[in-house]
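Presented below is the structure to which this report refers.
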Protein chains: 2
Amino acid sequence: MSAEANMEKAKSIKTLTAIQSEVESSNKIALSVDCVIFGFDENKLKVLLIRSDLKKYLGKWSLLGDLVRPDEDLDTSAYRILKQRTGLNDVYLEQVHTFGTVNRHPAGRVVTVTYCSLINVQHHKLNILDNELHWHDIKNVTDLAFDHQQIFDNCYQRLQKRIQEHPLGFNLLPKKFSLRELQNLYEAILDTKMDRRNFRKKFFSMDFLIDIDEMEQDVPHRPGKLYKFNYEKYEKKKKKWIGIDF
Amino acid sequence: MSAEANMEKAKSIKTLTAIQSEVESSNKIALSVDCVIFGFDENKLKVLLIRSDLKKYLGKWSLLGDLVRPDEDLDTSAYRILKQRTGLNDVYLEQVHTFGTVNRHPAGRVVTVTYCSLINVQHHKLNILDNELHWHDIKNVTDLAFDHQQIFDNCYQRLQKRIQEHPLGFNLLPKKFSLRELQNLYEAILDTKMDRRNFRKKFFSMDFLIDIDEMEQDVPHRPGKLYKFNYEKYEKKKKKWIGIDF
DNA sequence: GAATTAATGTGTTAATTTTACACATTAATT
DNA sequence: AATTAATGTGTAAAATTAACACATTAATTC
């Protein structure tokens, strides 16, 4: 390689000290977090949306988001937003993808990091009395503000994939649940019908269900047994599996 | 809910117009892209690293990264960086995760979006003559600058997972390859030994291999048949699978 | 060039996992 | 007491994965 070529190369590869000065310059970008919050109610998978008040998207619904503060970890930011909107902090929350096309936001360049959360609708009803917030049946989620439709689709597909690898669904159910409720949830998320016997077999073989020796109450049919999720056992088993962010 | 409570709520839930003004304010963060570039050479999985010239990390190795430009899509930025470092642009490139703890970078608040790429070392030897760049055996990758060790570990684990779901490995091999080379690659990535017969059976049943009716040349043993990867067929099949970012 | 060596190339069987499928049981309702 | 609609369970077939051994080829050695 010629000296000229090396010079050329040296120019094209930015050094870290160069980056350092750039960091201090105005070479910055607004960064936001958007949360796709799934719930499960009336046997339907729901997503929590907020009404957009931006002129361009007046009347449209959008995801729950906010700018990341300069002194705030990314994950912390996601938890803050979730907390602000739902009052909840002890939930499954996972980073999904970062969206950063130049013109995705009408207010200027905003890169957004998406997080996904699964919460129990029944336990947090009080937090969504606000008119601006609403649980939407995911079947009716279309035409969101900004690129939020794309973000939602991405998260939903990811949820469909991950629920088949990990028993995340428990986060959407009450502490005590019947196997029928569990199956309804899976059928709603995956948009498919499953064989009841094979479904039960599969979950029992996973060995994450604790038989609490209680029955459903006030159901208009033969009550089913109630179970709790064995988080402890799950956490132990997770460590033995291969993967990143269990 | 009382009027006061509603006021309180209105304050805590930031409106989009509020965000708009914030976007224009100084509430911005430096955003970078870091690329974890995997290669395969001498039957070893390698990762391309650059020598850090930041005082704090003098002598340490780091990932290839650069700040995202305000007028540049995130993906575009990743491709630009890859192109700058390797001269390559037509490769598999995938966003992995975004790292954003406050103190991850000594130069200030820098949130970084990680991308992962698989390239063919043989085809791009010329681009890494630069002393500052080096292919590291992944077994010897420890103690990188910044939080790059964590980022690398994350990408490597993800690669291990994804290679089992998708035949990404072809991107690391020359256009023509033998089944032994392919298996060596998988064994290097997954750090395991596999049964040769089952491995071959599996790949043939996938039906992504084109028999080009050529044999290995200049090997010190019985030459094996050479194959090409059927990208077209793979692309077609991808569409039928469930998932996000195939 | 014959013998040796070290790799390629192939098929079957067992084990495991997944799928398909039917009937007895229970408790609420009529 | 009879009816209804759900829960709860087991088995057989099918598909997938795992284990395993020997003949073949061409380069190398003698």
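These numbers come from a predicted model, not from an experiment. Chain A is the first sequence line, chain B the second, and so forth, proteins listed ahead of strands; every chain is numbered from 1. Hydrogens, waters and symmetry mates play no part in the numbers below; they use all other heavy atoms, side chains included.
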For B:K225, which contact category applies under a 4.0 Å heavy-atom criterion: base, sugar-phosphate, or nothing?
-> sugar-phosphate
Would you mind telling me which of D:dT24, D:dA21, D:dA6 lies closest to the side-chain atoms of B:R196?
-> D:dA21
Looking only at side-chain atoms of B:D195, point me to the closest of C:dT19, C:dT10, D:dC20.
-> D:dC20
Count the heavy atoms belonging to other residues, nucleotides or ligands that lie under 6.0 Å from CG of B:D90, then report whether that count exceeds 12.
-> no
Are OP1 or OP2 of C:dA20 and a side-chain N or O of A:R197 less than 4.0 angstrom apart?
-> no
To the side chain of B:P220, which of D:dA6, D:dG8, D:dT28 is closest?
-> D:dT28
Going by an N to O cut-off under 4.0 Å, is there a salt bridge joining B:E214 and B:K176?
-> yes
Would a line drawn from the ring center of B:Y227 to the ring center of B:F204 be shorter than 6.0 Å?
-> yes
Mind checking who C:dT29 pairs with, Watson-Crick or G-U wobble, both distances under 3.5 Å?
-> D:dA2
Remember a base hit wins even if backbone is also touched, and classify B:R180 as base, sugar-phosphate or nothing at under 4.0 Å, heavy atoms.
-> sugar-phosphate
Between atom NZ in A:K201 and atom P in C:dT16, what is the gap in whole Å?
-> 16 Å
Could you check how far CE of B:M215 sits from C1' of D:dT25, rounded to whole Å?
-> 8 Å
Report the distance from atom CZ of A:F199 to atom P of D:dT9, rounded to the nearest whole Å.
-> 15 Å
A:R158 with A:E94: basic N within carboxylate O range, under 4.0 Å = yes
State whether the distance check finds a donor on one side and an acceptor on the other, under 3.5 Å, for side chain B:R200 versus base C:dT10.
-> no
With respect to the side chain of A:P223, which nucleotide from C:dA28, D:dT7, D:dA21 is positioned closest?
-> C:dA28
Tell whether A:K202 reaches the base of C:dT17 with its side chain through a donor-acceptor pair below 3.5 angstrom.
-> no
Length of the line joining A:D211:CG and D:dG8:P, which is rounded to integer Å | 10 Å
